[in-house]
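Nothing here was measured: the structure is a model prediction, and the numbers come from that model.
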Amino acid sequence: MNTKKPSPKLSTIALATATACMALSSSPAVYAQSKDPASETQTLNRVTVTGSNIKRTDLETSQPLLVLNKDEIKASGALTVGDVLANLSSNDRSAISDLGGANSWASGASGVSLRNLGTGGTLTLLNGRRLSSYGFADGLQLNFTNIDAIPANIIERVEVLKDGASAIYGSDAIGGVINVITVKDFTGVGLQLSAQRNLKKSFLDADQQASVTVGHGNLATDGFNAYAHLEVYKRGSYKDSAVRDLLPEWYLEQNPARGQRSAGSFPGNYTGSYPADYKDPALAGTRINTPAPGCAPENLIGGVCQYDYWKDSDARPATKRVTLLAGARFTINKDLSAFAEFQGADIQADYYTNIPRSNPGSVSTWYDSLKGELQSFTDPRLPANHPNNPYGFPIGLNYRFVDHPDMFKNIGASRDFRLLAGVEGSAWGWDFDGAVGMMRSHATQRQHLYKDRFGYEEAITSGAYKFGQTNPRELLEKMFPEMGSSGTYTQQFADAKGSREIGRLIGGPIMLALGGELRHETFEHRSMDNILQARIVGFSGVDISGKRDVGALFGEVNLPFTKQIEATLALRGDKVFDGFGAVTPKMQLAWRPMRELMLRGTVTQGFRAPSLPETGNGGASWFNNGYVDPKRCDTAKSMQAVLKTGNASDKLDATEVYNSGCSVSFPSAITPNSNLKPESSNNFSFGIVTQPMDNVSFTLDYYSIKRRDEIGTRDVNEVLANEDANPSLLPRDAVSARDKDLAKRVKELSGKDIAFAVGSVRSLGLQYQNMNKTKVSGLDLDLRSRWKLGAWGQLDAGIEANYQIEARYWDTTAQDYTENRVGYRGTPRLHAIYKINWGMADWKLGARLNQYSGTRLSAADWDSNNSIEGCADRDVAEADCRIKPWLSTDLWLQYSGFKNFILSANLLNAFDQKPLVELRPGSSLPLGGRVLKLNLEARF
């Protein structure tokens, strides 16, 4: 075999390195098999595309690249790009998802995280160039790419570079790079229809997708090709109450609120106490908890009018996505061509929430971001002269505002686009590529849910709101006005790069690549005025803006010292014109002692530039929800146990008191920091690539990433656990009247003095700092084989696996790394995907096994509620204080024997693997079931 390598063309280089820079020797070459009919021997010929799963000794260079082709994507049953990336073994699934958008600052968007490094450590590209960051920041901090804005049905393949690559791509490429590569040209008309349903209950996974692709022109004969692809995706929704009967008993035991109703009902319950000086001494000082007239008999339970609030909220929110990708290529002459590309998306996700209720006497606290001070609001009682008050003294009415239930939803919407145009070709010995473009993402979040402190109180106390009746929507909109925020990210860019041979060594040509890029970025995220004016009770505001100009220069040289030893050196410098800069080097080395074996290694640095929300102007505040307060939780549990022995009202109070200590909420305020420096990392990888047989290849790579100067704030759980060391971070209110009232009732029931020693947390004030570190390491395995079966077709089989060795994070209080989180909840040691596909004539059949190793039930040492001791306190046996291993099987069948049509079906979780038992409060809904997906493709 002739092993002499010709000079790689720019198209090869751009493809392999995702065109963010020129990575000449790192571009994986593909070797196509051509058969000599006389000798029946196989010759490997070098071609300039990636994607082969076999003959990979020379395909794999000194960095690990995973390629998912069309068939693998189809076999996975993925409907969306999010589904495609969720099937990666290196995806830790911790990134933001639009499924949780009701409680997210970035509603309606999804990100991706590799190596447990978050959205800020993972770079996502489309056809080799960056996409717009989403109009909102993840957690109000990180600019990230919304993968939901990428159409799925036009994907040619997905390349996952599982290595640090900031020296090639710039910021964010610390844990890896995902390059979604779409069809480059298309002729004719293509249609695709997909639908899936859960075979257990059809509404559980009721998703649909449709797309149309049209194209015209042949680049070789006509000198041009233009195409457009339009895709529509719709996700079905269902309510929390719809799945109640599907939930196993263990889940309801761990999440008792799922089976409870609320005293905040329609037409409500009067609540309070007779005055101490009441005219009837027998009633003086006694409690009142009496249903209002008109409560439906089926809702009158235990003498309390109750309401099923689970029927209003979404367990699975609906979304509609329209995505567009269009492109064109034109031949200018034999050495030069022009291209243009447009990507756009229009997305809306609807999150129906609980209908709001009154909670008389309760105090809400939130942060006024304009004045920089805390605000409070006491939910009003009915005045003595109120038409709905039969008592003659102020009384509370626990009430649910059911007048117009459809208005109470959170709508997260966005419109994104990226437009670019450029040229590529060859001249003066250089292969070059350059483009200019612009991109924008505008996101909005709107909802009616929270109270206007003035409009609400006026409507209640004046009698304008008629309890027990259907009031005009205009009145409800004054009490619960539209509120939310808007965010916009924009970027204009220009880039250029070129490569050429500059000499020769024993192993072949020395290749040099040089390039640069310029970017102008802006970001703004601002809450509506009623929020910033602190009119909206309990909801804090955001007002962040920033802009910057960034320039980058990069170079790379490939040095084939011998036919067996090859090195690649890269260096990139990024600079904000009036701010920070970063210089990142990279060195790759490959040694091929024989055709069947290669050893490879990479040493590099990475960086993440501080985001505009982290360094810009303004600030943000929000509520932290569902945290354990170590100074109140044990007391709350003891009070809960007593109240559970009381009447129906006491049992509802038991949940309230538990939440007041073991699932607490309080505001945080955070400000940007213009003096932040970039996060940086040291990355090391070493791997072996072997091809023991012509049709079998095996790669095993070790990786180690140490990230430092991470930008963040103190972890909330960490601050709570170490309150005495930093008391100024957590000011507390005094013990509230409600706390004392509950303690009084506990003593009535038990005779015991059980009361809170401290009040609730008032707030948490923070600023972004370079303060954290992370260490992760592990192994990536990729085994692939292809077996020719003669008349019986072809069989492909393989394993893709990630084995985590270490995941440690920085404890700012102890000034040391935390315990190794591998093996704790959310960080399984092993995630493996076993693949087998068989094809013969018009048929294809495949299977995928998805495996996760078991973990502890606790997420970390701070998660004392789910530790062995915490489980014992909750009457969970030690053997059950774990999450067991998981193995599910997906099947795929395709038939292409019809003219112009292809039919396929996926059966996900084909053997009906039961949901994992996770004996803790707050775990995801264990619904399970088989899912059937049907797909029809047509091409004309």
Side-chain angles (χ1 to χ4, degrees), residues 20 113 115-123 130 133 137-144 164-175 177 489 491 516-523 525 544-554 570-586 603-620 670-684 704-715 718 765-776 808-813 815-817:
S113 169
R115 309 286 198 220
N116 297 298
L117 295 175
T119 56
T122 304
L123 178 63
R130 291 175 181 262
S133 292
D138 184 4
L140 293 178
Q141 179 182 2
L142 298 174
N143 291 125
F144 71 101
S166 287
I168 308 298
Y169 305 106
S171 178
D172 306 335
I174 293 177
V177 179
Y489 173 90
Q491 183 185 134
E517 58 183 90
L518 295 171
R519 299 196 307 271
H520 174 71
E521 300 173 85
T522 68
F523 178 78
H525 182 178
I544 303 172
S545 63
K547 62 180 179 180
R548 66 186 175 205
D549 296 303
V550 183
L553 295 173
F554 47 86
L571 185 68
R572 179 180 174 115
D574 290 76
K575 181 71 168 69
V576 174
F577 287 172
D578 57 351
F580 57 82
V583 176
T584 47
K586 184 172 186 176
V603 178
T604 184
Q605 292 185 344
F607 83 98
R608 180 183 78 83
S611 69
L612 290 172
E614 292 168 334
T615 59
N617 301 308
I670 192 165
T671 55
N673 184 350
S674 60
N675 296 318
L676 293 173
K677 57 184 178 181
E679 298 179 354
S680 58
S681 70
N682 291 333
N683 297 46
F684 169 77
S704 173
I705 304 172
K706 296 181 179 179
R707 185 167 62 178
R708 59 190 181 277
D709 295 324
E710 288 181 40
I711 300 166
T713 59
R714 289 182 180 270
D715 179 78
E718 182 184 322
L766 303 166
Q767 185 185 41
Y768 291 120
Q769 302 286 341
N770 292 105
M771 60 185 300
N772 295 320
K773 303 177 184 180
T774 300
K775 291 196 300 185
V776 297
R808 298 180 187 270
Y809 306 91
W810 192 247
D811 185 328
T812 54
T813 299
Q815 286 296 295
D816 197 3
Y817 284 103

| query | If you draw a 6.0 Å radius around NZ in Lys706, do more than 12 non-hydrogen atoms from other residues or ligands fall strictly inside? | reply | no
| task | Step through the shown structure and confirm whether more than 12 heavy atoms of other residues, nucleotides or ligands are within 6.0 Å of NZ on Lys575. | result | yes
Atom [atom1] in [X], atom [atom2] in [Y]: separation rounded to 0.5 Å?
X	Y	atom1	atom2	result
Leu571	Gln605	CG	CD	10.0 Å
Arg708	Asn770	CZ	CG	11.5 Å
Phe554	Lys586	CZ	NZ	14.0 Å
Thr522	Asp549	OG1	CG	10.5 Å
Asn116	Thr774	CG	OG1	9.0 Å
His520	Gln491	NE2	CD	10.0 Å

Testing the basics here: between [X] and [Y], what is the closest heavy-atom pair and its distance to 0.1 Å?
X	Y	result
Gly118	Ser113	N-OG, 2.8 Å
Pro678	Phe580	CG-CD1, 3.6 Å
Gly619	Pro672	CA-CD, 3.8 Å
Asn683	Ile174	ND2-O, 2.9 Å
Leu117	Gly175	CD1-CA, 3.6 Å

Is the closest side-chain heavy-atom distance between [X] and [Y] below 4.5 Å?
X	Y	answer
Asn143	Pro613	yes
Thr813	Arg714	yes
Ser166	Ser171	no
Tyr768	Ile670	yes

| said: Keeping Arg808 on the side-chain end and Asp816 on the backbone end, is there a donor-acceptor pair under 3.5 Å? | reply: no
| field | Any donor-acceptor N/O pair, Ser681 side chain to Arg707 backbone, under 3.5 Å | value | no
List in chain and number order the residues that pass side-chain contact (heavy atoms from CB on, under 4.5 Å) with [X], two or more places apart in sequence or in another chain; answer none if no residue qualifies.
X	answer
Gln769	Asn673, Gln767, Met771
Asn772	Glu710, Trp810, Thr812
Asn617	Ser545
Asp574	Ala552, Arg572, Phe607

| remark: Sorted by chain and number, sequence neighbours left out, ring pair (Phe, Tyr, Trp, His ring centres under 6.0 Å) with Phe684 holds for none
| remark: Residues pairing under side chain to side chain donor-acceptor pair (under 3.5 Å) where one sits in residues 607-616, two or more places apart or in two chains, turn out to be Gln141-Glu614, Arg608-Glu614, Arg608-Glu679, Ser611-Glu614
